[in-house]
Each structure stands twice: as structure tokens, then as C-alpha cells.
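Read the structure below first, then the notes.
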Amino acid sequence: MDLHLPTPDKFPAFPYDPPYDIQVALMRHLYRSIEDKKVAIVESPTGTGKTLSLLCAALTWLSDEKERSRKGKMREAAGGDEVGAKDWVIQQTLDRMRREMEAEEVEYEERLTQARKREEVMRRAAKGRVTKRSKVTQSKADDRVKVDDDDQFLPEVDQEPDEGEMHISPALRALMAKVDKTSTSRTGDAEEIVCTKIYYASRTHSQLSQVLPELSKLKLKAKISVRDHHDHDNRQALGQKRPLHEYPSSNVENGPSTRAVSLGSRKQLCINDELRHRALDLDEACRELLGEKAGKRCQYLPPMGEDEKMLDFRDQILASPKDIEDLAEAGRLAHTCPYFGSRRAIPQAELVTLPYNLLLQKSAREALGIDLKDQIVLIDEAHNLIPTLLSLSSTRLTYNTLSTSFHQVCTYVARFKTRLSPSNMLHLKRLVVFLNALKKSVEEWRDARVKEKEKTEVMTVAQLMERLGTKAAGINMLEIEAYLKKSKVARKIAGYSEKQAEQENAGKKQSRRGAIPPLHAVEDFMISLTNANTDGRVTFALVSSPDQQNAVEIKYQQLNPSTNFAEIVEEARSVVLAGGTMSPISDVINQLFPSLSEDKVTSFSCGHIIPEENLQTLVISKGPTGGLLEFKADKQSDPTAIAQLGQILLNFTNIIPNGMIVFFPSYKFLNTAKAMWQKAGTLGKFGVKKEVFFEPEESAQVETILQHYGLAATKASEAPAEGKKGALLFAVIGAKLSEGLNFADDLARGVVIVGLPFANLGSPELKERLKYVKHLEEQRGVVNREKGQKDAAAELYENMCMNAVNQSIGRAIRHRNDWASLLLLDRRYATTSIRNKLPKWIGSKLLVTESFGQTVKEMGSFYRRKKA
């Protein structure tokens with residue numbers, strides 16, 4: 001019987017002694033949740049050491065779990081508590097098992113040590129020479145496609161269905177099979193090591209890049225020496241309970257001992273510069289190269305059947321933790337593809353860092369060989385999880401792509417009809433029927449809608465299939481989708497069409513590698529239609545583009561974020577959702593875990609580590625004239641309201657030192673206010689007090705704006721003679737500057753939130769989602785509500801708004817000694833429902849001022865205390 005791991009009171013691996021009380025509480029909660037196989041929702045503000053605490057707790061449990069597993073194997077080999085077993089027999093069995101396990105560990109560690117040495121040798125060699133660009137071996141498009149050879153365009157009927165990447169090539173499957181194959185000639189059974197692991201996911205690579213530096217701080221090199229603890233081992237093998245974390249260590253050494261691997265996309269990890277330069281789509285171009293014969297395939301992959309080099313690189317990856325940039329550099333040194341090398345390292349890794357999309361999409365998990373069964377899934381920055389799940393389950397298909405696909409398939413069938421097998425012809429004819437029906441349906445809808453005011457229509461999948469007619473509706477979508485994956489005919493059809501286009505242009509224009517086959521977009525849309533639930537909607541919309549009026553876009557939208565997340569929750573041992581602000585937590589539970597019992601979900605919300613006097617939170621409900629402040633949509637273009645807002649902010653610039661950030665609900669509101677202030681001279685008055693900056697609408701300009709703003713904000717105290725008190729930055733809630741950025745110390749001594757950023761109710765997609773949520777509530781029998789209680793749709797709408805607000809609020813307080821004032825400009829922030837959805841770490845610090853005079857007085861007192 002497995003021993004239950006007691007929750008430790010102390011975590012020796014934590015690098016700072018003593019840790020804060022809230023850090024210990026978080027680590028104990030997480031450890032207990034993992035051990036008890038629960039879903040945990042953790043809210044820990046930035047600056048509280050969240051990442052460090054999460055890693056420490058999870059890896060401490062992982063270490064204890066390995067010891068428990070080892071003891072279990074020894075106990076099982078010794079016969080357990082079987083009556084009549086002799087003590088000396090048990091002792092001999094334990095000694096033998098101990099020696100075997102120790103030998104395996106020593107051998108494996110030696111292999112990783114040798115990998116580290118090889119990497120160091122390569123680094124030294126690289127420093128001593130000028131690196132030349134590798135000779136490109138892949139052939140050009142016109143060399144690859146021969147005029148009289150059309151065999152290459154026939155479907156791959158003999159290939160087995162691929163359970164991996166959505167459009168993975170046969171060559172890639174063969175490569176992965178070779179790479180995954182055990183190389184017993186070199187290291188024996190050690191190659192088969194597969195361990196319990198932690199999958200640490202976040203939204204972006206930049207957020208994941210912060211994980212490995214935190215990992216390096218942990219004291220994880222502490223191991224239990226097998227020789228030094230015979231008595232402990234014997235007692236554990238015989239079933240005696242003792243906390244594993246209390247065992248003394250005879251081999252303590254600081255630094256990371258965890259085998260870690262970072263997963264990324266080809267965009268981050270491809271080291272074939274020639275391919276990157278020529279590719280229209282890097283994923284597709286890479287798959288094309290994998291299909292090339294010897295001498296034309298990518299030079300960074302070992303020859304088919306020779307996996308020794310890839311295994312060496314796998315050991316090099318695991319020998320020392322590497323982020324995406326380190327991994328790409330290591331691949332260049334070893335002249336081996338880091339994209340495939342990182343995937344080869346997954347089975348033996350204990351910590352796998354990866355972006356959301358690689359974890360949340362089933363097709364991506366299958367392609368990578370990720371098996372979540374009994375593993376730990378830790379999702380950081382989880383406030384983004386719900387919109388990410390909904391986004392990843394959406395597919396878009398334009399009419400032009402649909403029309404092109406239909407034309408290409410018809411041309412292909414006409415050309416190869418005498419060479420295609422009956423089975424291939426049957427599937428392709430069914431595909432033609434479906435494409436033709438969908439194309440005609442879209443054309444009829446477009447012609448009818450052009451003259452109407454309403455330019456969108458939302459329907460269920462069943463309604464769409466009914467619209468396509470009985471012939472198309474009778475087609476088995478799962479069968480067609482399986483055929484497309486098996487035959488790879490989408491790429492074959494696109495390749496033949498490309499060849500035809502080149503011949504028509506007499507070879508004048510060379511195509512670049514990696515154009516995405518149009519049929520792939522259709523395939524993705526068809527896969528969406530196979531979802532056997534009522535949670536999806538299809539939208540037809542008229543859109544305008546620079547080169548076309550009244551273009552049609554077809555979109556599939558998943559309304560329920562829990563649908564695609566349920567499999568992860570069911571498979572994993574424990575799922576942890578962590579974020580600086582997860583409030584309102586009840587909303588997360590309702591949307592992601594509607595079917596889990598209450599005892600399977602736990603939540604933890606800790607206060608901030610800053611002293612209470614370092615944070616001021618004011619709800620400002622009245623302006624200088626005494627009128628109520630409420631920036632609803634109809635007030636966002638009102639000259640009087642905008643003029644009053646300008647006067648309020650001008651007062652704040654006189655009080656707030658250094659950096660001051662003002663968040664607006666939308667770009668439209670911000671641009672309207674900017675134009676009116678410019679005309680009235682208010683912007684000039686801002687400029688007298690602080691240097692003024694606006695969030696750019698182009699992402700490429702963000703870094704430049706931030707640099708100039710930071711310089712102006714921090715130099716205020718250094719140059720008081722200029723008369724300016726720092727910098728003023730206008731930004732938008734939910735946009736580029738509202739999350740993931742660090743406005744610590746003088747960069748944000750005041751954060752102002754103007755109004756509430758409620759989403760546009762005119763959006764057809766949002767309308768449908770709110771209608772769906774309300775329908776689910778009615779199905780559950782929730783009809784009568786208490787007075788003032790909102791229905792599920794209204795709650796979701798308000799929660800979406802407050803999630804965005806909470807992320808913006810969190811930009812200011814970034815560490816223990818930081819301080820700032822949070823100013824909420826709208827009387828609605830004083831209502832109970834809104835206040836309850838603000839971050840828990842604000843708590844009792846929130847004050848609703850009775851007048852604008854009180855607001856100025858409270859702010860003045862706060863900043864005078866800080867100055868003193």
C-alpha cells in the first residue's frame with residue numbers, strides 16, 4: 001500500500017531563510033493539493049515569490065515521490081509483509097535492490113556529466129573559430145518538382161493514420177520513430193527512463209524564460225545517500241511511516257539538479273537560417289524538408305536510422321537547464337536540431353516548460369508525445385487560461401480559401417482519376433460534395449446579406465449541416481478527416497497546383513518553401529464540425545479587406561472553455577492554476593471545472609508581502625464639481641465628462657511623483673479624450689507637470705515608448721530644476737501595457753483606472769456565449785435568484801470586465817518595498833459586487849471617498865508620508 005506523504009512544515013530547498021509566512025503557506029497548500037490529487041487555484045501577487053514557491057513545493061513533492069516509489073519497489077521485491085519471510089532474506093533482497101538502483105543512478109549521472117563536458121568543449125571550440133554558414137543542401141523548388149513525374153502527388157494510401165501533429169509528414173513520423181527508438185547498444189535499460197514530471201506552462205516564452213533562473217536558486221541537489229540510510233530504507237520497505245523530507249542528507253550541493261527541458265515552436269528553435277529566410281510558413285517548410293531524400297533533407301537532422309547523435313544531444317539538453325535561447329545556441333554548437341532534440345528529451349525530463357498552446361491542444365500534445373497521465377500540470381499566468389482555451393478552439397475559413405480549395409480538389413481529381421484507387425476516389429468525391437455545398441451556401445448567404453443591415457449570422461453545427469443539404473449532411477466528417485490525415489492529400493493537391501502554376505508562368509516566378517495548403521484550413525474547419533457536443537457555434541460574417549469588399553469569413557467558435565480542458569483535468573494527477581490575480585476565483589471554478597465535486601477543487605489566496613501602509617486604494621466617485629463619476633459608454637464621448645476627467649488627472653499630476661499610469665477602457669475612449677484635450681489645451685497642461693506618453697497601437701513601438709517613459713519617470717528626482725515631476729503614460733486596459741510588464745518603484749507611483757472595461761455587447765460571438773451560459777444555468781434549474789443576484793450571463797459579463805481591471809491594477813506593486821496609490825475613477829467600484837471582485841490583497845485597504853476634496857487630502861497625506 002502506498003504511503004501518504006505528510007505535508008512538510010519546512011522546505012529546505014527554498015533559497016531564502018526564513019521564507020515569508022505566506023510563501024510557506026502557499027508551498028504547503030500546493031504540496032498537499034498534489035499529494036491529494038486535487039485541482040488547486042492559487043492567487044499570489046507579483047513580488048511574493050510566486051514562481052519560486054510553486055517550483056519549490058512541486059519539486060519537493062516530486063523528490064519525495066521518487067523516494068516513495070523507490071521504497072515501494074524495494075518493499076515489493078522483498079515480499080512486503082508476507083508472513084514467514086526471514087529477516088536475512090529481506091535484508092539480502094534490499095541490499096541487492098539498493099545496489100542495482102545506485103548503479104543505475106551513478107551511470108545516468110555520469111552520462112549527463114559527460115554531456116556537460118562535451119558541451120563545454122564545443123563552446124571553447126566555437127570561440128576559437130569563425131563560424132561559417134553551413135552549405136545548403138536542400139534543392140530548389142524547380143529541382144524538386146519534375147515536369148513529367150506526377151507520382152509524388154498521389155495520396156499516401158499505405159501510411160497508417162497519424163495520431164500526432166495535425167499535418168505531420170510520413171518522413172517526420174519515421175524520424176520520430178527512429179529518434180524515439182531505444183538505443184540499447186550504448187546505455188542499456190537506462191534509455192527507457194520515464195519519470196513523473198511537472199509540466200509548467202505559461203502564455204509566452206518571455207514569461208517562461210523567468211522560470212529557469214528561479215529554478216537555479218533552489219537547493220535541489222540534496223539527495224538521500226543509499227548507503228548511508230540502510231536503516232531508514234529497511235523501515236520504509238517494511239511499511240514504517242516517516243516523512244521523507246525529514247531524512248538527513250549526506251550529499252548536499254546547491255544548484256539545479258532537476259532535469260529540465262524547454263519546449264518551443266519551430267519559429268523559436270529552427271536553426272536552419274536558409275530555410276527561415278525562404279519559408280512562407282516555417283512549419284510547413286520544415287515538413288517538406290523532412291520528406292526529402294538523403295542529401296536534400298535538413299542538414300541539422302541525423303540521417304534516417306542513425307539516432308546516436310540525437311541521443312547525445314538529448315543528454316546535452318538534460319545535463320543543464322536551458323531556456324529557448326540557450327537551446328537554440330546548443331543546437332548550433334552541436335549542429336543538431338533543437339526543435340526535435342527538445343522533444344526527444346521529454347520522457348526523461350522532470351520539469352518541462354512550454355507555452356499554453358503546446359499543452360492545451362490535444363493534437364500538439366500527441367505530436368510531442370506528451371502523456372499527462374498522473375503528471376503534475378502547473379499553469380502560470382492562469383488568468384489568461386479561459387480566453388486562451390476559447391481562442392485555441394476557434395477556427396477561421398475565408399470564402400477565398402474555400403473557393404481555392406474546391407478548385408484545386410476538382411482539378412486534382414480530374415487529372416488523377418485514372419490513377420486513383422476506388423477508395424481514394426470515393427473519399428475525394430465526398431470531399432468535393434462537401435466543399436461544393438459549403439461554397440454554394442456561403443455564396444447564397446453573401447448575396448442575401450449584402451443589401452441587409454445585419455452582416456453576421458450565428459448558427460449551430462446542426463443548423464449549418466442542415467443548410468448544406470441532405471447529400472452533404474450525410475457525409476461522415478470523421479471519416480473524411482481521418483482520410484485527409486492518413487493520405488496527406490492536402491499537401492499533394494497543393495503541390496500539384498503549385499507545379500501547374502509554375503508551368504503556366506513558364507518558371508518565371510519561383511515559389512518559396514512552406515506555403516500552407518489551402519485545404520489545411522478547410523481540414524481544420526471540418527475537424528471543428530466533428531465535435532460531438534452542442535457547445536460550438538458557426539458564424540458567417542461579411543468583412544471588408546483592402547483588396548475586396550464584402551468578403552465572407554466563416555468561423556467556428558467554442559462557447560465552453562471546459563470542453564477541451566476536461567481531458568487534461570481527467571488525466572493529470574493534479575492541475576494547478578496560478579496567477580498574481582485570479583479573482584474572482586468562483587468564476588474560474590464555474591467555467592473550467594463545472595463537473596468536479598467541491599472536495600476536488602481547492603483555492604489559496606494570499607495577501608501581499610508589502611506593509612499595509614505601502615498601498616493606498618481609493619474609489620473616487622465624485623469629481624471636483626461634486627458630480628458623480630460614471631464613465632459608461634454614453635459618457636465616453638461627452639465633452640463635459642472628458643473635460644472633468646482632464647481636470648481630475650491634472651490635479652493628480654500635481655500630487656503623484658515620478659511615474660503615473662492612466663488606464664482607459666478602450667482605444668476609442670482614449671483617442672476621443674486625447675483629441676478633445678489637445679483642442680482644449682489640457683495636454684499642454686499635462687506636459688508642464690509631466691512628460692506625456694501614449695500607448696502605441698503598433699506592437700513594434702512599445703519597447704521604444706517604454707524606454708522613454710522609464711527614463712522620464714526615474715529622472716524626475718534627479719533634475720528638479722526642470723519643474724517636471726516625472727512622466728504620465730496613457731494606456732488601455734487589456735492591451736499591450738496592462739499585463740506582463742513590470743512598473744516597479746518610480747515607474748508607477750500612481751495607477752489610475754478610468755471606468756470599467758465592459759466588452760462590446762454588439763459582438764455576435766459575445767452575445768452567443770452569454771446566451772449559452774444563461775441556457776446552461778436554466779438547464780441546471782437555477783431560475784429563482786435572491787434579490788439583487790445576477791444571472792449567470794450577467795455574472796460572466798462582469799467577471800470578464802474585472803479580470804481585465806485586476807491585471808492592470810497589478811502592474812504597480814512588484815516587490816516587498818514597493819509602494820503606490822491605486823485610484824479607481826468610477827462610482828461603480830463602490831458597489832458590493834464589484835468590490836468583491838477586486839484582488840484579495842487589496843482587502844480592507846480600499847477607501848471610498850465622499851468628495852473630491854477628501855480624495856486630494858488622502859492622496860496628499862499618503863505621498864507626504866512616503867516622502868518623509
Derivation and outcome, side-chain contact (heavy atoms from CB on, under 4.5 Å), residues Lys373 and Gln375: CA-CA 5 Å; Lys373 184 67 176 176; Gln375 309 298 313; 5.7 Å; no
Return yes if some donor-acceptor pair links the side-chain N/O of [X] with the main-chain N/O of [Y] below 3.5 Å, else return no.
X	Y	answer
Asn560	Asp535	no
Arg573	Ile34	yes
Glu350	Lys197	no
Ser574	Lys38	yes
Lys322	Ser320	yes
Ser391	Thr388	no
Gln348	Ala345	no
Ser216	Pro213	yes

Give the ring-plane orientation class for Phe11 versus Tyr31, where under 30° counts as parallel, over 60° as perpendicular and anything between as tilted. perpendicular
Go through Leu824 and Ile809 one step at a time and tell me if the side-chain contact (heavy atoms from CB on, under 4.5 Å) criterion holds. CA-CA 9 Å; Leu824 309 176; Ile809 287 175; 4.2 Å; yes
Name all residues meeting the side chain to side chain contact (heavy atoms under 4.5 Å, CB included) criterion together with [X]; count only those two or more places apart in sequence or in a different chain, and write none if there are none.
X	value
Ala566	Glu570
Leu52	Phe14, Pro15, Tyr16, Glu214, Lys217, Leu218
Thr832	Asn836
Ala382	Ile379, Leu577, Met582

What is the distance from atom [atom1] of [X] to atom [atom2] of [Y], rounded to the nearest 0.5 Å?
X	Y	atom1	atom2	result
Thr196	Glu65	OG1	CD	5.0 Å
Leu269	Tyr339	CG	OH	8.5 Å
Phe565	Ile386	CZ	CD1	9.5 Å
Glu795	Lys790	CD	NZ	6.0 Å
Leu372	Leu359	CG	CG	6.0 Å
Thr51	Leu215	OG1	CG	11.5 Å

Compare every heavy atom of [Y] with every heavy atom of [X], then report the nearest pair and how far apart it is.
X	Y	result
Asp791	Ala794	OD1-N, 2.7 Å
Ile568	Val575	O-CG2, 4.2 Å
Ile589	Ile41	CG1-CD1, 3.4 Å
Arg68	Leu5	NH1-CG, 3.6 Å
Leu54	Ala578	CD1-CB, 3.6 Å
Ala793	Val773	N-CG1, 4.0 Å

Side-chain touch [X]/[Y], heavy atoms, less than 4.5 angstrom:
X	Y	value
Ile753	Ile733	yes
Lys219	Pro12	no
Ser393	Thr563	no
Leu390	Gln557	no
Arg259	Leu351	no
Leu796	Arg769	yes
Ile198	Val352	no
Pro757	Val805	yes

So, using side-chain hydrogen bond (donor to acceptor under 3.5 Å, both in side chains) as the criterion, who are the partners of [X] when residues are at least two apart?
X	value
Asn564	none
Ser342	none
Asp323	none
Tyr356	none

Give the intermediate values and the outcome of side-chain contact (heavy atoms from CB on, under 4.5 Å) for residues Tyr200 and Ile376. CA-CA 8 Å; Tyr200 194 112; Ile376 303 165; over 6 Å; no
For [X] and [Y], test the side chains for any donor-to-acceptor distance below 3.5 angstrom and give the result as yes or no.
X	Y	answer
Thr353	Ser262	yes
Gln268	Ser265	yes
Gln591	Asp587	yes

Could you tell me whether Lys774 and Glu777 make a salt bridge, using a distance below 4.0 angstrom between a side-chain N and a carboxylate O? no
Are Arg365 and Glu571 within salt-bridge range, i.e. N to O under 4.0 Å? no
With sequence neighbours left out, which residue pairs that include part of residues 596-608 fulfil the salt bridge (Lys or Arg N to Asp or Glu O under 4.0 Å) condition? none
Please, which pairs that meet salt bridge (Lys or Arg N to Asp or Glu O under 4.0 Å) have at least one residue in residues 15-24, sequence neighbours excluded? none
Which residue in the set Gln207, Arg203, Lys50 passes side chain to side chain donor-acceptor pair (under 3.5 Å) when paired with Asp380? Lys50
Mind running side-chain contact (heavy atoms from CB on, under 4.5 Å) on Leu354 and Ile370 for me, showing each step along the way? CA-CA 11 Å; Leu354 69 171; Ile370 290 177; 3.9 Å; yes
Sorted by chain and residue number, the ring-ring contact (aromatic ring centres under 6.0 Å, His included) partners of Tyr797 (sequence neighbours excluded) come out as Phe758
State which residues pass ring-ring contact (aromatic ring centres under 6.0 Å, His included) with Phe604; sequence neighbours excluded, sorted by chain then number. His29
